[in-house]
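To keep things clear, I will list the structure first and then write my remarks on it.
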Amino acid sequence: MPTTYLLASFAGCALLIAFLGTKMSAYADIIADRTRFGEALIGSILLGAGTSIAGIVTSTSTAAVGAADLAISNALGGIAAQTMFLAIADVAYRKVNLEHAAASAVNLGQATVLMILIALPIMAWSAPSFTVWAINPLTPVLVGAYLVGLYNAHKIHMEPMWFARDTDATLSEEDHDTSDQRTLWRIGTLFAVSTLIVGLSGWIVGATGVELSERLGISQGVVGALGTAIVTSLPELVTTIAAVKRGALQLAVGGIIGGNMFDALFIASSDIAYRDGSIYHAISQRTVFWMALVLVMTAVLLIGLLRRERQGPAGIGWESVLLIGLWAGGAILQISLG
């Protein structure tokens, strides 16, 4: 297939993923209200996983064909990009710093669990290589930590022991209009269909990404972290901005953090799909750099959620400025290395 066709397929899938991402945000907001599970919890579980389906298909399919660096850098690059997307959403919300208005104990807990999920693969990378049926023992631990994190989020939502201080700029989950005459079953079906289409698009993005990496002579790490990762993360960008414009601020923040947690599972699925041993020991230091960058960016976001600054430079929080700077610095460094 000519390179121009590959690029067209890559771009076409990007547009489709972005379009459906906008719809998924509205569906998730309605589901959160109808089920009374709350925006932060629905955002972290349903919206986070749904918008991440393209990424997990991309990482798993590329790992299955032996592209270890592309698979893992796609996961980590996606988390880094999505965290930076919160800063973009902060720019879109002009009333006050987004992290101030979207106070939620669930989001604080999820961000903490995310840091654990990223630290575990770094430990596996630095430890001696050992596998059982070509799977590193840390992979099931990673999945278990994710499930415990979801249970922890549910407990925090149902029986919170910490409460964010309300201010005149804080928006609750009921402070926006979500009137819709369609039934919950229909909304859920539309969300599921959108998720399937996004997943198929993710598989195409992964296949074209591997081919473009080989034809254009660009390293898998760069293609994964700055190519497929950004494209498969487009649902998070559009759903976050759409949620902010709807006034569903906790859904916006929860969708990003929950999506990042789900993205950490890409590493586990990639290790299972990778048949040449432990994928943690098949990646380059460039990919480990993205793991460290994600840890720093998540820590900055967590501090921002705790500090809840009202206004910072250009009407956004200092954490948003730092997140944009960290991601841009990482991207420039990776491109310069080739």
Side-chain angles (χ1 to χ4, degrees), residues 55-56 58-84 114-131 134-139 141-142 145 206 209-233 260-261 263-301 322-338:
I56 195 168
T58 299
S59 286
T60 305
S61 61
T62 52
V65 297
D69 250 349
L70 196 156
I72 303 301
S73 63
N74 174 73
L76 276 301
I79 297 175
Q82 288 154 203
T83 306
M84 184 267 294
L114 174 60
M115 295 179 71
I116 296 173
L117 295 176
I118 301 303
L120 287 173
I122 296 177
M123 294 172 62
W125 171 77
S126 60
S129 179
F130 176 74
T131 63
I135 299 174
N136 191 291
L138 183 131
T139 292
V141 174
L142 193 64
V210 172
E211 186 67 23
L212 286 171
S213 173
E214 295 175 353
R215 291 194 185 187
L216 301 178
I218 305 174
S219 71
Q220 290 184 8
V222 172
V223 172
L226 301 176
T228 62
I230 293 177
V231 170
T232 56
S233 296
N260 286 349
M261 284 181 58
D263 283 11
L265 290 185
F266 298 2
I267 303 173
S269 66
S270 297
D271 185 44
I272 295 172
Y274 187 72
R275 294 289 81 200
D276 296 329
S278 169
I279 199 168
Y280 306 100
H281 296 88
I283 58 177
S284 66
Q285 290 185 345
R286 179 190 305 240
T287 301
V288 179
F289 165 83
W290 281 100
M291 293 182 184
L293 180 64
V294 165
L295 273 178
V296 174
M297 292 181 70
T298 305
V300 169
L301 173 60
L322 289 172
L323 289 176
I324 294 173
L326 285 167
W327 184 85
I332 292 171
L333 177 61
Q334 293 297 295
I335 293 173
S336 65
L337 294 175

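Heavy atoms only: backbone and side chains are in, while hydrogens, waters and symmetry mates are out. Here the structure is a predicted model, which means the values were calculated and not measured. Sequence positions, counted from 1, serve as the residue numbers for this chain.
- Across Thr131 and Gly277, no two heavy atoms sit closer than the pair CG2-C, 3.9 Å.
- At least one donor-acceptor pair closer than 3.5 Å links the side chain of Asp271 to the backbone N or O of Asn136.
- Considering only residues two or more places apart in sequence or on other chains, Leu293 meets the side chain to side chain contact (heavy atoms under 4.5 Å, CB included) condition with Phe289, Trp290, Met297, Leu326.
- Remark: Ile116 engages Leu120 in a side chain to side chain contact (heavy atoms under 4.5 Å, CB included) (not counting sequence neighbours).
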**Report entry** Candidate pair Trp125 and Gln285, rule side chain to side chain contact (heavy atoms under 4.5 Å, CB included), full reasoning
**Finding:** CA-CA 10 Å; Trp125 171 77; Gln285 290 185 345; 4.2 Å; yes
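- Across Gly78 and Asp263, no two heavy atoms sit closer than the pair C-OD2, 4.1 Å.
- Of the residues listed (Thr298, Val296, Val294), the one engaging Met115 in a side-chain contact (heavy atoms from CB on, under 4.5 Å) is Thr298, and it is the only one.
- Nearest heavy-atom pair across Tyr274 and Ala282 is OH-CB, 3.4 Å.
- Judged as a side chain to side chain contact (heavy atoms under 4.5 Å, CB included), and not counting sequence neighbours, the contacts of Ser73 are Ala225, Thr287.
- Rounding to the nearest 0.5 Å places CD1 of Ile267 at 6.0 Å from CD1 of Ile79.
- Of all heavy-atom pairs spanning Met291 and Ile118, the tightest one is O-CG2, 3.4 Å.
- Residue Ile56 comes nearest to Thr60 through the heavy atom pair O-OG1, 2.7 Å, listed as atom of the first residue, atom of the second, then distance.
- Arg275 has its side chain out of reach of Val65: every pair of non-hydrogen atoms, C-beta onward, lies at least 4.5 Å apart.
- Of the inter-residue distances, the one linking Ser59 atom OG with Leu76 atom CG reads 9.0 Å to the nearest 0.5 angstrom.
- For the atom pair CD1 of Ile283 and OG of Ser278, the computed distance is 8.5 Å after rounding to the nearest 0.5 Å.
- Taken from CD1 in Ile122 to OH in Tyr280, the straight-line distance is 12.0 Å, to the nearest 0.5 Å.
- The two residues Leu142 and Ala264 have their closest heavy-atom pair at CD2-O, 3.5 Å.
- Rounding to the nearest 0.5 angstrom, the gap separating the CG atom in Asn74 from the CG atom in Asp69 is 11.5 Å.
- Separating the CD1 atom in Ile324 from the CE atom in Met84 is a distance of 7.5 Å, to the nearest 0.5 Å.
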